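Worth saying up front: this structure is predicted, and the values here are computed from it rather than measured.
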Amino acid sequence: MNRSISNVATPAIAPSILTADFGRLRGQIHEAEAAGVDLIHLDVMDGHFVPNISFGPLVISAIREATTLPLDVHLMIEHPERYIDAFVEAGADLITIHVESTPHPHRAIQQIREQNVEAGIAVNPATPLSAVEELLENVQLVLLMSVNPGYGGQAFIPQTPEKIRKMRSMIDERKLDRVRIEVDGGINRETIRTASAAGADIFVTGSSVYSDREPVSTAVSALRGALGA
């Protein structure tokens, strides 16, 4: 099965399981799949690069068995190159590393792609886009953090749309049509519209999909409506 991120139709919704009910995780993933989401976003945190700890390859391996959707694995960990092989083996379709997390991001990206897995590069809110400019030819996705990474439920940083517009211009000027822009943090029915208008393609959603307020299907439908999709 071809689960290439480059083949995902945009605008795309990627629920993060961080806010899902882990007691019935398989069911929550099935609910999102039935609601028509496009991929599953998996935030891996080590308690060092970001001030929180989440899960690792064993959980991702279990999720791989639960869904045929592409698995978008976001490594918020120090020295990701040490663990890439484990996440590939677990079933990742795309592995995104942070440009701030390793002194050799290009080498780490090469390591991902050598295993026939797509690669992404993530940028924290305070990191300038110039930090990833030389990597754009080597990735399938640029992830722009719209909150400081580590915890869910944070507010969307107001400067994010301008950063999205600048990244869209960089990608378009280089005619890199296969490179997607993903936005992660504070995405809800209002901010998803703003981020889309600025040029983002994929929207990571947490509590705006998984919450006690409404069913997953209702939440995803509302987000699609906000996108006009």
Side-chain angles (χ1 to χ4, degrees), residues 5 8 10-20 32 37-46 49-52 54 70 72-77 80 94-101 105 119-133 135-136 139-172 179-211 219-220 222-229:
I5 299 299
V8 170
T10 57
I13 295 175
S16 168
I17 67 164
L18 274 185
T19 54
V37 304
D38 302 283
L39 53 160
I40 301 295
H41 188 83
L42 305 170
D43 289 305
V44 178
M45 300 183 284
D46 64 358
F49 181 67
V50 294
N52 201 358
S54 59
D72 171 18
V73 177
H74 177 195
L75 298 184
M76 291 181 273
I77 63 177
L94 170 86
I95 296 177
T96 297
I97 65 166
H98 273 259
V99 69
E100 306 92 351
S101 68
I121 191 71
V123 185
N124 280 336
T127 301
L129 295 181
S130 58
V132 299
E133 189 170 1
L135 300 170
L136 294 179
V139 297
Q140 283 73 45
L141 179 139
V142 177
L143 170 53
L144 301 180
M145 294 301 301
S146 42
V147 299
N148 289 297
Y151 293 99
Q154 299 182 65
F156 186 83
I157 293 175
Q159 291 80 11
T160 303
E162 180 58 27
K163 201 168 190 178
I164 296 171
R165 283 189 283 271
K166 289 178 180 177
M167 177 52 63
R168 173 54 62 198
S169 293
M170 290 170 67
I171 290 171
D172 290 348
V179 179
R180 308 290 201 202
I181 298 176
E182 184 174 63
V183 183
D184 183 357
I187 296 295
N188 55 38
R189 296 169 195 181
E190 290 73 39
T191 58
I192 197 171
R193 187 182 297 111
T194 301
S196 177
D201 303 299
I202 302 174
F203 307 91
V204 178
T205 58
S207 56
S208 58
V209 166
Y210 291 120
S211 72
V220 172
L223 288 167
R224 291 278 186 213
L227 286 168

J.: Evaluate side chain to side chain contact (heavy atoms under 4.5 Å, CB included) for Val220 paired with Thr205, printing each intermediate quantity in order.
T.: CA-CA 9 Å; Val220 172; Thr205 58; over 6 Å; no
J.: Begin with the C-alpha distance, continue with both residues' side-chain angles, and end with the deciding distance and a verdict on side chain to side chain contact (heavy atoms under 4.5 Å, CB included) for Leu42 and Ile17.
T.: CA-CA 6 Å; Leu42 305 170; Ile17 67 164; 3.6 Å; yes
J.: Just so I know, are the side chains of Thr194 and Ile164 near enough to count as touching, which here means a heavy-atom distance under 4.5 Å?
T.: no
J.: Report the C-alpha separation of His41 and Ile202 in whole Å, then their side-chain angles, then the decisive distance to 0.1 Å, and conclude whether the side chain to side chain contact (heavy atoms under 4.5 Å, CB included) test is met.
T.: CA-CA 10 Å; His41 188 83; Ile202 302 174; over 6 Å; no
J.: Is the closest side-chain heavy-atom distance between Leu136 and Met167 below 4.5 Å?
T.: yes
J.: Roughly how far, to the nearest 0.5 Å, is the OG atom of Ser130 from the CE atom of Met170?
T.: 7.5 Å
J.: Check whether any side-chain heavy atom of Ser146 sits under 4.5 Å from a side-chain heavy atom of Thr191, and report yes or no.
T.: no
J.: If you take all heavy atoms of Ala195 and Val183, which pair is closest and at what distance?
T.: CB-CG2, 4.5 Å
J.: Provide the closest heavy-atom pair for Gly185 versus Phe156 in the form atom of the first, atom of the second, distance.
T.: O-CD1, 3.4 Å
J.: Flag the pair Val142 / Arg180 as yes when at least one side-chain heavy-atom distance between them is below 4.5 Å, and no otherwise.
T.: no
J.: Judged by atom type as modelled, is there a donor-acceptor pair below 3.5 Å linking the side chain of Gln140 to the main-chain atoms of Ala119?
T.: yes
J.: How long is the straight-line distance from CD of Glu182 back to OG1 of Thr96, given to the nearest 0.5 Å?
T.: 6.0 Å
J.: Quick one: CD1 on Ile157 to CG on Asn148, what's the gap to the nearest 0.5 Å?
T.: 5.0 Å
J.: Val37 vs Val209, test: side chain to side chain contact (heavy atoms under 4.5 Å, CB included). Steps then yes/no.
T.: CA-CA 10 Å; Val37 304; Val209 166; 5.6 Å; no
J.: Any non-hydrogen side-chain atom of Leu75 less than 4.5 Å from a side-chain atom of Phe49?
T.: no
J.: Supply the atom-to-atom distance Ile97 CD1 to Leu143 CG, rounded to the nearest 0.5 angstrom.
T.: 11.5 Å
J.: With the side chain counted from C-beta on, respond yes when Pro11 and Asp201 share a heavy-atom pair under 4.5 Å apart, and no when they do not.
T.: no
J.: So, for Arg189 and Ala226, which heavy atoms are closest and what is the spacing to 0.1 Å?
T.: O-CB, 3.3 Å
J.: For Pro128 and Val123, work out which heavy atoms get closest and say how close.
T.: O-CG1, 4.4 Å
J.: Test your reading of the model: is there a side-chain donor-acceptor pair from Asn188 to the backbone of Glu190, 3.5 Å cut-off?
T.: yes
J.: Between CE of Met145 and CD of Glu100, what distance do you get to the nearest 0.5 Å?
T.: 9.5 Å
J.: Taking the side chain as everything from C-beta on, heavy atoms only, tell me whether Leu18 gets closer than 4.5 Å to Met45.
T.: yes
J.: For Val147 versus Pro125, what's the shortest heavy-atom pair and its separation?
T.: O-CG, 3.3 Å
J.: Kindly compute the distance separating CZ (Arg168) from CD1 (Ile181), expressed to the nearest 0.5 Å.
T.: 4.0 Å
J.: Going by atom types only, do Asp43 and Ser16 share a side-chain donor-acceptor pair under 3.5 Å?
T.: yes
J.: Can you see whether Asp172 engages Ser169 through a side-chain donor-acceptor pair at a distance of less than 3.5 angstrom?
T.: no
J.: Would you call Arg165 and Glu162 a side-chain contact if the rule is heavy atoms closer than 4.5 Å?
T.: yes
